[in-house]
Structures are given as structure tokens and as C-alpha cells.
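Everything below concerns the one structure shown next.
These numbers come from the heavy atoms of this one structure, side chains and all, not from hydrogens, waters or symmetry mates. Numbered from 1 within each chain, the chains take letters A, B, ... in sequence-line order.
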Amino acid sequence: MCGRYNISDDPFTQALLDEFGIDRHLETRYNIAPTEQVPVIRRGDHGYELREMRWWLIPSWVKEPGTRYSMFNARAETVNESPAFRAPFRHQRCILPASSFIEWHTEDGKKQPWLIRPTDRAIAFAGLWDHWGHGEGSILSCCIVTCDAVPGFRRIHNRMPVMLEADQLQRWLSPDTDTESLMPYLQPQLPGDFELWPIDEHINNARHKETPVMTGDKILLRAD
DNA sequence: CCAGACGTTGTT
DNA sequence: GTCTGG
DNA sequence: CCAGACGTTGTT
DNA sequence: GTCTGG
């Protein structure tokens, strides 16, 4: 799953934007939570574009936008059938740039937050977007696709966000791609090496936007 | 036919 | 327990 | 995702 | 919008 993440305005993030010819930089933000506005890359009529979207998918057909249902993640296993995600999965895929994300490890009723980050690159979350309403008050929204955790992650959590490999980005974003050819992207995969750090529970509160504080030793995960 | 749902995670 | 807000 | 509220009346 | 349940 993925219910909190961070963005750093660093060279890795910049390199990811460069992949799409987007000549902008992202503001550093910590502890981004569902329902917040987040930067999203999608392919528009005039090439790749960076847009702010609400991180909580609002299907175009709902009467009123809200948070009645959990729409900030979409299960990879059902993204093809779900009424809320099927259409976006076919033609409205996007990428949420990130530098790290947070997962909670629950044991004996206690929750320990962990910060998870690649050692040498930015993260490209596989996302879906939709458009609700017309004109004034219309809303762009998005969600992050999730899948089973790779073995190395399972000590922390059984689900994880889908993180695309560098050679999958363009195809994921093309509205014309046949979804059948995207299914391999949704299998658990680790794009590169990752570090897992236990962090202070201060992060639990989504109002706290300070840098996460490491509280222990890291675990290193190799891509292979 | 109309009405109502449409979601994820984790825990028991 | 369940819903809302961040 | 987690944290925090969850209510009414009347007064400032 | 589309599917399921009654």
C-alpha cells in the first residue's frame, strides 16, 4: 500500500522530470497524505505535462466528490474490472514522482513507521487520473496502483506501490498502449536498490510536515 | 425495470 | 464504531 | 495512511 | 458510466 510519501527537490527528481522534457523543479515536501494536491506527470495533447492533482481519485460519474470510498490506492489485481478504475486504467495513466514513501509495520498492536527510498534515483509511482466536473469547480484527481510486496519488503508490509522501471515510463503514459501489455509492469518489482529506515512516530500525524527523523539502522535491499 | 454500489488495508 | 481532515 | 472528532446552547 | 441485486 502507499498512504504517505515524500518529494525532495534533488538531482534524482530532476533527472526524472528531464526524462519527459519537463523544465521545472518540484518543491520539497514531506509526509504527503491522501487528499492533498500532488504533482503528477501525464501525457497531454501537447506532450508530457506536470499537473497538480488531488491524491484521491474522484470518478467522473460520481454526483458529489468526496472520500466515502478509499480511492487513493488502486489494487493492481482488479484495476481492469473495478468500475472506478477501469476506464482510467485504459486511457488515463499517470506517474507520481516521489523520493521516498512510508509504510507502517504492525506488530503486537504497535505501529512502527519506516521510510523507504531508492539509493540512487527517484521513484515513479504508477498512477491513474480522472477528471470530475466542468469549468469552475472541476477537479483533477489521481491514485497510486498497489501490488503484493516483493520478498525484501515483506518484513515491513505485505503490499507496496507499483514503481515503474525507467524503460517502462513512456509506455505507461501513452494513452494508446494496449493494457494487456502493461500487466507485467504491475507485477511486484524493485526498480534498483532500496534503503529501509525506521523513523520517528512523529510522522504518523499527517499535519507534521518536517523531515522524517531516522531512529535506527537501515536495511539495504538489492534489486536482485 | 429501478436502486444502489462503485474502495483499500489490516486484523480476527 | 465510523466518519472527516490532513 | 493515521489522528481526531463524535454535541448543544448561549454568550462574547 | 456500468454492473449487480431485487
At less than 4.0 Å, is any side-chain N or O atom of A:Thr146 found next to OP1 or OP2 of B:dT9? Yes or no. yes
Any A:Lys111 side-chain nitrogen or oxygen under 4.0 Å from OP1 or OP2 of D:dC2: yes
Using the C1' atom in both, what is the distance from B:dA5 to D:dT9, to the nearest Å? 39 Å
Span that lies between the C1' atom of D:dC2 and that of B:dT8, in whole angstrom: 14 Å
A:Asn205 side-chain N/O to D:dG4 phosphate OP1/OP2 under 4.0 Å: yes
Have a look at A:Ser60 and say if it touches a base, only the backbone sugar-phosphate, or nothing, with a 4.0 Å heavy-atom cut-off. nothing
Base, sugar-phosphate alone, or nothing: which one does A:Arg68 contact when heavy atoms must sit under 4.0 Å apart? base
Which part of the nucleic acid does A:Ala84 contact within heavy-atom distance under 4.0 Å: base, sugar-phosphate only, or nothing? sugar-phosphate
Any side-chain N or O of A:Asn204 below 4.0 angstrom from OP1/OP2 of D:dA3? yes
Is any side-chain nitrogen or oxygen of A:Arg75 closer than 4.0 Å to OP1 or OP2 of B:dT9? yes
According to the ring-ring contact (aromatic ring centres under 6.0 Å, His included) rule, which pairs have a member within residues 53-87 of chain A, sequence neighbours left out? A:Tyr5-A:Trp55, A:Trp56-A:Phe72
Determine the contact category for A:Trp55: base if any of its heavy atoms lies under 4.0 Å from a base atom, sugar-phosphate if only primed atoms, P, OP1 or OP2 are that close, otherwise nothing. nothing
Identify whether any heavy atom of A:Asn31 sits under 4.0 Å from a base atom; if not, whether one sits that close to sugar-phosphate; answer base, sugar-phosphate or nothing. nothing
For C:dT4, take OP1 and OP2 only and decide whether either is under 4.0 Å from a side-chain N or O of A:Thr35. no
Any base atoms under 4.0 Å from A:Phe72, or only sugar-phosphate, or nothing? Heavy atoms, all strands. base
Report yes or no: do A:Asn6 and A:Ser100 form a side-chain donor-acceptor pair below 3.5 Å? yes
C:dG6 phosphate, OP1 or OP2, under 4.0 Å from A:Arg4 side-chain N/O: no
Applying the Watson-Crick and G-U criteria (both distances under 3.5 angstrom) with [ ] for crossing and | for other-strand pairs, one obtains for DNA chain B ||||||......
When we call it a touch if two heavy atoms are under 4.0 Å apart, what does A:Thr67 touch: a base, just sugar-phosphate, or nothing? nothing
